[in-house]
Amino acid sequence: MKVGEILLKAALINAGQLQVVLMEKDIYANLRLGEIISLHGWAAQETIDFFVEEWPQLIQAKEKKPLGFYLQRAALLTEAQIQQILKDQWQASYRFGALAVLNG
């Protein structure tokens, strides 16, 4: 799967942003697609690297990890944010992902 497709599927970018990046590929010939996306500020380079390099192997793995593990590996949440969500989850009885979205 191509980088753009992976990032679209992960909802890190939208189709319009991908089109912009593909048009700019000639301008930034020395940069990779993910680097151009990061340059625009649409996603952090660490997040892009995670989805391109690690995610395909992780979804094939037999052993699954908690959602917080993946969000931290993707640099989308810090350990402190995960701990706060877990605390809130225990108190409010919401699912982890729902609380992560509600907390931005």
If you measure from [atom1] on [X] to [atom2] on [Y], what distance do you get to the nearest 0.5 Å?
| X | Y | atom1 | atom2 | value |
| --- | --- | --- | --- | --- |
| I85 | R95 | CD1 | CZ | 14.0 Å |
| L86 | Q89 | CG | CD | 6.0 Å |
| L99 | I82 | CG | CD1 | 13.0 Å |
| R73 | D49 | CZ | CG | 11.0 Å |

*asked:* Strictly distance-based, threshold 3.5 Å: is any side-chain N or O of K64 a donor or acceptor partner for the main-chain N or O of I59?
replied: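 Here the side-chain-to-backbone pair exists.
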
*Specify the closest pair of heavy atoms between Q17 and I13, including all atoms of both residues, with the distance to one decimal.*
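That would be OE1-CA, 3.2 Å.
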
*Which atom pair, heavy atoms only, marks the closest approach of A74 to F51?*
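Nearest heavy atoms, A74 then F51: CB-CE1, 4.0 Å.
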
*Treat each ILVMFWY residue as a node, draw an edge where side-chain heavy atoms are under 4.5 Å apart, and state whether L8 and M23 are in one component.*
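No, separate clusters.
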
*Check the hydrophobic clustering (I, L, V, M, F, W, Y; side-chain heavy atoms under 4.5 Å; chains of links allowed) and say if V20 and I27 are grouped together.*
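Yes, V20 and I27 fall within the same hydrophobic cluster.
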
Should [X] and [Y] count as side-chain neighbours, where that means a heavy-atom distance under 4.5 Å?
| X | Y | answer |
| --- | --- | --- |
| L102 | D88 | no |
| Q84 | Q81 | no |
| L18 | L7 | no |

Name every donor-acceptor pair, under 3.5 Å, that has one atom in a side chain of residues 31-44 and the other anywhere in the protein, sequence neighbours excluded.
| unit_1 | atom_1 | unit_2 | atom_2 | d |
| --- | --- | --- | --- | --- |
| E35 | OE1 | R32 | N | 2.7 |
| H40 | NE2 | E24 | OE1 | 2.5 |
| H40 | NE2 | E24 | OE2 | 3.4 |

*Counting only heavy atoms not in K25, do more than 12 sit closer than 6.0 Å to its NZ atom?*
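Yes, the 6.0 Å shell around NZ holds more than 12 heavy atoms from other groups.
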
*Quickly, which of L76, L58, L12 forms a side-chain contact (heavy atoms from CB on, under 4.5 Å) with F50? Name it, please.*
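Exactly one pass, corresponding to L58.
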
_Of all pairs that satisfy ring pair (Phe, Tyr, Trp, His ring centres under 6.0 Å), the ones with a partner from residues 60-90, not counting sequence neighbours_ =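 Only W55-Y70 qualify under ring pair (Phe, Tyr, Trp, His ring centres under 6.0 Å).
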
